[in-house]
Amino acid sequence: MTTPFGTSTVLGYPRIGPHRELKSALEGYWAGRLDAAALDAVADDLREQTWRTLRDAGLSAVPSNTFSLYDHVLDAAVAVDAVPQRFRRLGLDERDTYFAMARGTAQEPPLEMTKWFDTNYHYLVPEIGPETVLTARPGKPLKEYAQAEALGITTRPVLVGPATLLLLAKPTDDAPEGFTPFDRLDDLVDVYADLLGALADAGVPWVQLDEPAYVADRTDAEIDALRAAYTRIGNLTRRPALFVAAYFGELGEALPALLDTPVEAVGLDLVAGPADLDRLAGYGPIPGRTVVAGLVDGRNVWRTDLRAAAAVGATLTGLADTVAVATSCSLLHVPVDLDAETDLDPQVRDRLAFARQKVDEVVLLGRALRDGVAALPAAAPPAPAAWRDDAVRARLDALRPEHTRRGPHPDRAAAQQARLGLPLLPTTTIGSFPQTDAVRRARAEHRAGRLDDAGYADRMRAEIARVVAEQETLGLDVLVHGEPERNDMVQYFAEHLDGFVATAHGWVQSYGSRCVRPPILHGDVSRRAPVTVGWSSYAQTLTDRPVKGMLTGPVTILAWSFVRADQPLSETARQVALALRDEARDLEAAGIRIVQVDEPALRELLPPRRRDHESYLDWAVAAFRLATSGVADATAIHTHLCYSEFGEVLPAIEALDADVTSIEASRSRMEILDDLATVGYTRGVGPGVYDIHSPRVPDHDEVTAALRRAVAVVPADRLWVNPDCGLKTRSYDQVRPALAALVRAARTVRAELPVRADVPAAG
């Protein structure tokens with residue numbers, strides 16, 4: 001007889017630790033300050049903390065194998081032995097092979113990295129070909145299960161499901177044309193049968209298999225393949241009970257396909273995909289099954305309206321033998337514990353729930369469904385009137401279509417070249433430079449009150465002067481001020497705009513050891529005063545070369561914040577765009593000739609279903625154009641996009657009407673350029689030739705080869721040369737040689753091009 005699932009669970013929990021212990025341990029290990037045993041000790045302690053926290057909170061079902069030293073998709077690839085041969089040949093031990101796949105080595109670039117669906121979490125893209133030998137390697141989930149058992153806690157191991165793992169993977173370089181990793185689903189199901197058998201032999205009662213790829217549009221063949229895969233898995237005689245979870249949207253037609261299989265439990269995200277409730281009702285009763293209802297939002301930090309959520313849960317009780325309450329997705333995407341925030345505005349704080357508080361909400365809802373709806377806390381009261389800004393709303397109401405249009409691009413390009421006088425293949429960086437210990441110390445001292453405003457400004461100006469001189473020495477054509485004053489590209493703006501609050505400890509993992517503190521956008525947004533103008537204009541006084549003004553775009557500010565839920569995102573985006581429009585105009589008035597408005601999250605917020613794409617892209621593009629159309633045609637507007645699959649938004653990239661778009665391209669080997677050529681993209685483009693998310697330093701030959709590939713696709717008079725992303729997370733020991741190689745490669749390829757009279761010679 002199947003062990004009961006329980007009445008309350010979560011699909012995952014933050015793994016970085018309440019004080020970012022994992023970040024410190026990982027970076028210590030990579031730097032040689034910690035050995036493997038010390039890293040393992042930190043990891044063991046974090047897992048045990050999590051399991052005890054979830055058990056003691058009253059959850060009736062606790063997950064395991066949600067912890068990762070870098071990325072759970074990479075863990076899943078390793079669990080089926082999908083380790084590319086180029087990493088096996090390095091001769092490293094298992095742990096360092098794992099980190100080589102994530103971060104690269106001097107000999108090998110890492111796996112490609114991209115966004116985990118529509119979140120700001122980045123996953124490593126598995127490489128699977130027709131010849132990849134797939135084998136079960138259940139060591140990690142077995143070890144974690146046994147570790148929890150030793151504490152007296154029986155857990156539910158979590159694995160990325162076989163269909164999603166293959167749909168997220170890319171073919172190996174030597175795969176024949178037309179092959180897709182999904183072609184290997186039958187083979188991979190055999191491997192999962194072995195994994196499940198090993199877990200069953202260890203006494204594991206339940207396993208969670210995540211299939212979030214099926215909340216996106218899927219072909220009939222892909223849905224039929226899902227049904228066939230889980231029918232095979234469900235009919236195994238040697239396996240734990242199966243809980244198949246989907247999240248970030250509705251399963252749609254994949255839901256009846258799963259219900260047609262022998263799996264014991266199905267999880268639904270009823271926050272992002274409420275339509276699945278009606279679809280489930282239309283399917284009819286499903287005896288012998290558990291429906292795991294994702295009623296607590298795992299993506300945002302606002303308190304759950306528990307009475308409304310309980311009403312939704314109650315509608316499920318007649319459809320399945322058991323209804324359990326869960327988070328809508330893993331709590332990986334929210335900060336750990338609101339109790340750490342002692343200085344937040346009480347009116348904001350009283351409306352929030354971080355991971356620890358969301359666990360309590362799940363437990364309360366589970367008890368309410370089990371015992372009947374008892375007294376549940378009331379929903380948060382309406383937002384205070386002070387959070388509304390009628391002046392901002394009036395300005396937005398007065399906007400006309402011409403406020404989002406500039407002159408024709410060819411005319412703008414000519415005016416900008418006349419003003420800037422740049423050579424072919426101009427070199428630049430994306431914005432930030434390495435943040436040294438001295439810079440971080442100055443920010444910390446200023447924040448603590450030990451360094452006054454004047455002293456802080458002096459230190460920042462000194463760092464800007466050093467960064468400008470560094471770039472001139474390297475020979476870059478277009479400079480940046482380096483952003484030493486910015487802790488984070490979104491948080492910095494949030495701290496200077498009304499309508500936001502910043503947390504002190506609200507860290508969320510972005511990838512590996514990289515963590516961010518998303519601000520909380522709770523009210524109408526406005527700009528109190530110029531934010532960046534002083535720093536950028538100071539940098540411009542230090543050099544004759546153009547210095548870019550650096551802004552974060554409205555869509556990215558929303559994507560990387562926790563955003564109010566009481567009005568449409570499109571309206572909030574317009575408010576942010578209006579504040580940025582004022583900033584861009586002030587930069588121009590201060591003599592800045594290039595304004596870069598970064599939108600790395602443009603693809604990230606794309607809804608999973610195509611039917612919703614057009615409405616999202618319409619408002620996202622409109623917000624960007626509102627932010628950037630207030631400057632003259634002779635002022636160049638740049639933007640930056642990174643680490644997402646951009647194929648579905650290429651027309652929107654064109655519609656942004658930026659003069660130059662820099663884009664991640666090194667890990668994906670310039671694949672994006674062919675896509676841009678296909679849609680007839682005619683503006684400037686800077687494909688990244690240096691992968692800054694890896695510690696490896698490319699040499700001149702490597703960068704030159706990448707640049708030659710780019711020149712073969714994009715006319716040289718539209719091509720820029722730059723890294724993939726900002727340099728903040730790298731060290732100067734890595735950045736200096738990499739940028740020197742970049743500048744030298746640009747000069748090498750320039751010399752190979754026909755001489756043109758209308759552009760200067762090599763800079």
Side-chain angles (χ1 to χ4, degrees), residues 343 428-498 500-505 516-517 519 527-552 579-580 582-598 692 723 726-736 739:
D343 296 326
T428 190
T429 64
I430 300 305
S432 61
F433 262 66
Q435 297 234 333
T436 64
D437 289 341
V439 167
R440 293 192 182 95
R441 189 161 51 250
R443 276 209 310 270
E445 290 175 0
H446 183 238
R447 196 164 52 243
R450 296 189 298 271
L451 181 64
D452 63 17
D453 290 348
Y456 175 73
D458 286 344
R459 291 200 199 177
M460 292 300 104
R461 281 193 291 266
E463 178 66 12
I464 290 169
R466 193 177 72 80
V467 168
V468 168
E470 187 92 45
Q471 293 170 87
E472 288 195 317
T473 299
L474 287 164
L476 291 161
D477 299 303
V478 173
L479 313 187
V480 296
H481 78 282
E483 304 177 13
E485 79 287 357
R486 303 185 194 185
N487 40 23
D488 174 83
M489 64 184 290
V490 170
Q491 183 182 340
Y492 179 73
F493 284 91
E495 290 173 346
H496 290 81
L497 297 174
D498 287 334
F500 289 87
V501 295
T503 65
H505 307 285
V516 295
R517 268 188 300 153
R527 188 187 71 145
R528 300 186 291 274
V531 179
T532 68
V533 176
W535 306 120
S536 294
S537 58
Y538 172 69
Q540 188 62 82
T541 67
L542 303 174
T543 180
D544 293 332
R545 303 181 193 190
V547 173
K548 291 189 289 189
M550 303 300 305
L551 307 179
T552 304
L580 295 173
D582 293 342
E583 187 74 11
R585 295 179 71 175
D586 284 347
L587 283 166
E588 180 184 56
I592 300 301
R593 292 165 281 172
I594 302 175
V595 178
Q596 182 169 307
V597 182
D598 291 340
I692 70 89
L727 304 172
K728 174 183 174 182
T729 60
R730 299 270 61 91
S731 69
Y732 272 102
D733 288 344
Q734 296 160 347
V735 164
R736 285 192 187 100
L739 291 182

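Values reported hereafter were calculated over all heavy atoms of this structure, with side chains retained and with hydrogens, waters and symmetry mates removed. One is the number of the first residue; the rest follow in order along the sequence.
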* **V547 backbone acceptor or donor facing Q540 side chain under 3.5 Å** => yes
Is there a side-chain hydrogen bond (donor to acceptor under 3.5 Å, both in side chains) between Q435 and K728? Walk through the geometry before answering. CA-CA 6 Å; Q435 297 234 333; K728 174 183 174 182; 4.9 Å; no
Check: If we only count heavy atoms from C-beta on, is the F433 to Y732 side-chain gap below 4.5 Å?
Finding: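 Counting from C-beta outward, F433 and Y732 do come under 4.5 Å.
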### Query
Below 4.5 Å, heavy atoms only, C-beta onward: do T532 and M550 meet side chain to side chain?
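No, too far: nothing below the 4.5 Å cut-off.
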In Å, rounded to the nearest 0.5 Å, how long is the span from [atom1] of [X] to [atom2] of [Y]?
| X | Y | atom1 | atom2 | answer |
| --- | --- | --- | --- | --- |
| L479 | Q471 | CG | CD | 4.5 Å |
| I594 | T428 | CD1 | OG1 | 7.0 Å |
| E485 | M460 | CD | CE | 8.0 Å |
| L551 | M489 | CG | CE | 10.0 Å |
| S536 | K548 | OG | NZ | 11.0 Å |

Looking at every non-hydrogen atom in both residues, tell me the closest pair between [X] and [Y] and how far apart they are.
| X | Y | result |
| --- | --- | --- |
| V480 | G431 | CG2-O, 3.1 Å |
| G726 | I430 | N-CB, 3.7 Å |
| T543 | E472 | OG1-OE2, 2.6 Å |
| P723 | I692 | CB-CG2, 3.8 Å |
| L587 | G549 | CD1-CA, 4.2 Å |
| G482 | V467 | CA-CG1, 4.0 Å |

Answer yes or no: does atom CZ of R466 have more than 12 heavy-atom neighbours from other residues, nucleotides or ligands under 6.0 Å?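 Yes - once you tally the heavy atoms of other residues, nucleotides and ligands closer than 6.0 Å, there are more than 12.
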Residues at least two apart in sequence or cross-chain that pass ring pair (Phe, Tyr, Trp, His ring centres under 6.0 Å) with Y456, listed by chain then number, are H446
### Note: D458-R461 ion pair, threshold 4.0 Å (strictly below)
yes
With a 4.0 Å cut-off, would you call D498 and R528 a salt bridge? yes
Test R527 against E583 for salt bridge (charged side-chain N to carboxylate O under 4.0 Å, His left out), laying out the working first.
CA-CA 8 Å; R527 188 187 71 145; E583 187 74 11; 2.7 Å; yes
Problem set entry | From CA spacing to verdict: salt bridge (charged side-chain N to carboxylate O under 4.0 Å, His left out), R593, E588 | CA-CA 6 Å; R593 292 165 281 172; E588 180 184 56; over 6 Å; no
